[in-house]
Amino acid sequence: MAHQAHSFHMVDPSPWPIFGATAALLTTSGLAMWFHHHHTHLLMLGILAMLLTMLQWWRDIIRESTFQGHHTPTVQKGLRYGMILFITSEAFFFLGFFWAFFHSSLVPTPELGGQWPPTGINPLNPMEVPLLNTAILLASGVTVTWAHHSIMEANQKQATHALTLTILLGFYFTALQATEYHEAPFSIADGVYGSTFFVATGFHGLHVIIGSSFLTVCLLRLTKFHFTPRHHFGFEAAAWYWHFVDIIWLFLYSSIYWWGS
């Protein structure tokens with residue numbers, strides 16, 4: 001940064017945005033091929049290309065922030081605003097699913113039997129696996145906060161333990177939800193109840209997987225001593241995202257699982 005008279009980061013030309021867009025196109029086309037023709041080759045190619053792009057793009061950003069010193073306080077402020085706007089957009093993304101759910105459930109039409117859950121639907125018991133998953137996500141919110149405070153206090157050992165526990169809880173949540181889906185007495189094809197249930201909880205499950213991956217990368221960086229008490233925004237962004245996932249689950253549990261059953 002010595003040759004610059006400003007604190008901003010002028011990003012060098014990168015191949016990863018166009019590669020990422022191509023990988024997204026391949027993945028979307030692969031999904032269409034899978035749905036209509038039961039061929040998974042294009043989908044597998046798209047997912048592989050997406051993973052390779054993600055790993056190399058993350059590698060470049062880690063180099064810029066950790067070794068090249070490009071993430072000055074000014075740049076970090078811009079990254080914070082960007083993450084806040086991204087989480088806000090995600091909140092509106094889920095708002096659409098809640099809107100669809102309440103639109104159908106508050107005034108059930110005669111086609112639904114005039115009741116909610118609709119006639120013929122046997123909903124899941126909110127006091128069983130959904131309640132356990134709620135406890136798991138709330139516990140993971142505590143452990144990720146523990147990890148954050150440990151990083152700010154330069155306690156590497158406690159931060160590593162707390163972050164590892166958070167990731168394990170995240171994958172445990174995913175495993176329980178997969179079991180719940182497998183044993184559910186209804187499917188996504190069962191009218192508006194099945195579609196709103198599986199789309200809302202399924203996208204939340206996808207966000208849990210993304211958040212767990214985000215935190216896993218942070219754990220690898222933590223073991224390599226990339227984070228300092230004053231410079232750890234990569235972890236902070238992951239923690240914000242994880243807390244957002246927790247909050248969305250509380251809304252899902254209280255509305256779709258508990259009230260909606």
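Note that the coordinates shown come from a computational prediction; the quantities given were computed from them, not determined experimentally.
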Exercise. Can you tell if the side chain of Q56 reaches within under 4.5 Å of the side chain of F19, non-hydrogen atoms only?
Worked result: no
Problem set entry | Reference residue H204; test ring pair (Phe, Tyr, Trp, His ring centres under 6.0 Å); the match among F251, F173, F197 | F173
Exercise. Does the ring pair (Phe, Tyr, Trp, His ring centres under 6.0 Å) test come out yes or no for F233 and W240, once each step is laid out?
Worked result: CA-CA 10 Å; F233 178 70; W240 289 357; 5.8 Å; yes
Exercise. Is the shortest heavy-atom distance from the side chain of L219 to the side chain of T160 under 4.5 Å?
Worked result: yes
Exercise. Quick one: does Y241's side chain have a donor or acceptor within less than 3.5 Å of a partner on F214's backbone?
Worked result: no
Exercise. Out of curiosity, L163 CG to I151 CD1, how far, rounded to the nearest 0.5 Å?
Worked result: 7.0 Å
Exercise. Is there a side-chain contact (heavy atoms from CB on, under 4.5 Å) between R63 and W58 once you walk through the steps?
Worked result: CA-CA 9 Å; R63 285 174 177 171; W58 286 346; over 6 Å; no
Exercise. Which heavy atom in V208 sits nearest to a heavy atom in W242, and how many Å separate them?
Worked result: O-CZ3, 3.6 Å
Exercise. Going by heavy atoms in the side chains, are S65 and R221 under 4.5 Å from each other?
Worked result: yes
Exercise. Distance-only, no hydrogens or angles: does the T196 side chain make a donor-acceptor pair with backbone N or O of Y193 under 3.5 Å?
Worked result: yes
Exercise. What are the two closest heavy atoms between S255 and F98, and how far apart are they?
Worked result: OG-CE2, 3.4 Å
For this session: Check whether any side-chain N or O of T119 sits under 3.5 Å from a backbone N or O of Q115 as a donor-acceptor pair, and report yes or no.
Result: no
For this session: Keeping the roles fixed (side chain from S29, backbone from L26), state whether a donor-acceptor pair exists under 3.5 Å.
Result: no
Problem set entry | Straight-line distance of L55 CG to M50 CE, nearest 0.5 Å | 12.0 Å
Problem set entry | Minimal non-hydrogen separation, P185 against L124, with atom names | CD-CD2, 3.7 Å
For this session: Hey, could you give me the CD1/OG1 distance between I167 and T143, rounded to the nearest 0.5 Å?
Result: 9.5 Å
Exercise. Taking all non-hydrogen atoms of both residues, which atom of L112 and which atom of V192 are closest, and how far apart?
Worked result: CD2-CG1, 3.7 Å
For this session: For the pair W259 and F101, name the ring-plane relationship: parallel under 30°, tilted 30 to 60°, perpendicular over 60°.
Result: perpendicular
Problem set entry | Main-chain N/O of F203 paired with H207 side-chain donor or acceptor, under 3.5 Å | yes
Problem set entry | Check: M83 and E236 side chains under 4.5 Å, non-hydrogen atoms | no
Exercise. Just checking, is any N or O donor in the side chain of W146 or Q158 under 3.5 Å from an acceptor N or O on the other one?
Worked result: yes
Problem set entry | Residues H231, H71; criterion ring pair (Phe, Tyr, Trp, His ring centres under 6.0 Å); working and verdict | CA-CA 9 Å; H231 192 106; H71 287 193; 7.0 Å; no
For this session: Spell out, as yes or no, whether a donor-acceptor pair under 3.5 Å connects the side chain of T72 to the backbone of S7.
Result: yes
Exercise. Would a hydrophobic clustering, with Ile, Leu, Val, Met, Phe, Trp and Tyr connected at side-chain separations under 4.5 Å, put M152 with L215?
Worked result: no
Seminar exercise, completed: So OG of S89 and CD1 of I84: to nearest 0.5 Å the spacing works out to 12.5 Å
For this session: Just say parallel, tilted or perpendicular for the rings of W249 and Y257, cut-offs at 30° and 60°.
Result: tilted
Exercise. Do W16 and I62 sit in the same hydrophobic cluster, where Ile, Leu, Val, Met, Phe, Trp and Tyr count as joined when their side-chain heavy atoms come under 4.5 Å apart?
Worked result: no
Problem set entry | Centroid-centroid distance, H70 to F8, less than 6.0 Å | no
Exercise. Does a side-chain heavy-atom distance below 4.5 Å link L42 with W34?
Worked result: no
Exercise. Under the 3.5 angstrom rule, does the side chain of Q156 hit a backbone N or O of L222 as a donor-acceptor pair?
Worked result: yes
Exercise. For the hydrophobic clusters of this structure (ILVMFWY residues joined by side-chain heavy atoms under 4.5 Å, transitively), does one cluster hold both I210 and F198?
Worked result: yes
Exercise. Cluster question for you: counting only ILVMFWY and a side-chain heavy-atom cut-off of under 4.5 Å, with indirect links fine, are L206 and I87 together?
Worked result: yes
Problem set entry | Separation of L138 CG from D246 CG (nearest 0.5 Å) | 6.5 Å
For this session: Kindly indicate whether the side chain of L137, heavy atoms from C-beta on, has any atom under 4.5 Å from the side chain of N133.
Result: no
For this session: Examine distances only and state if a side-chain atom of D60 and a backbone atom of W57 form a donor-acceptor pair shorter than 3.5 Å.
Result: no
Exercise. Any side-chain heavy atom of P130 sitting closer than 4.5 Å to one from E180?
Worked result: yes
Problem set entry | Exam field: side chain T166 to backbone V144, donor-acceptor pair closer than 3.5 Å | yes
Problem set entry | Over all atoms of both residues, closest heavy-atom pair of F186 and P123 | CE2-CA, 4.1 Å
Problem set entry | Worked check of side-chain contact (heavy atoms from CB on, under 4.5 Å) between F244 and I247 | CA-CA 5 Å; F244 163 76; I247 293 168; 5.7 Å; no
Exercise. To the nearest 0.5 Å, how far apart are CG in L252 and CZ in F97?
Worked result: 10.0 Å
Problem set entry | Closest approach of P229 to A154 (non-hydrogen atoms, all atoms of both residues) | CG-CB, 3.8 Å
Problem set entry | Main-chain N/O of P126 paired with Y253 side-chain donor or acceptor, under 3.5 Å | yes
Exercise. In terms of hydrophobic clusters joined by side-chain contacts under 4.5 Å, are V245 and L250 together?
Worked result: no
Exercise. Does a side-chain heavy-atom distance below 4.5 Å link L43 with M33?
Worked result: no
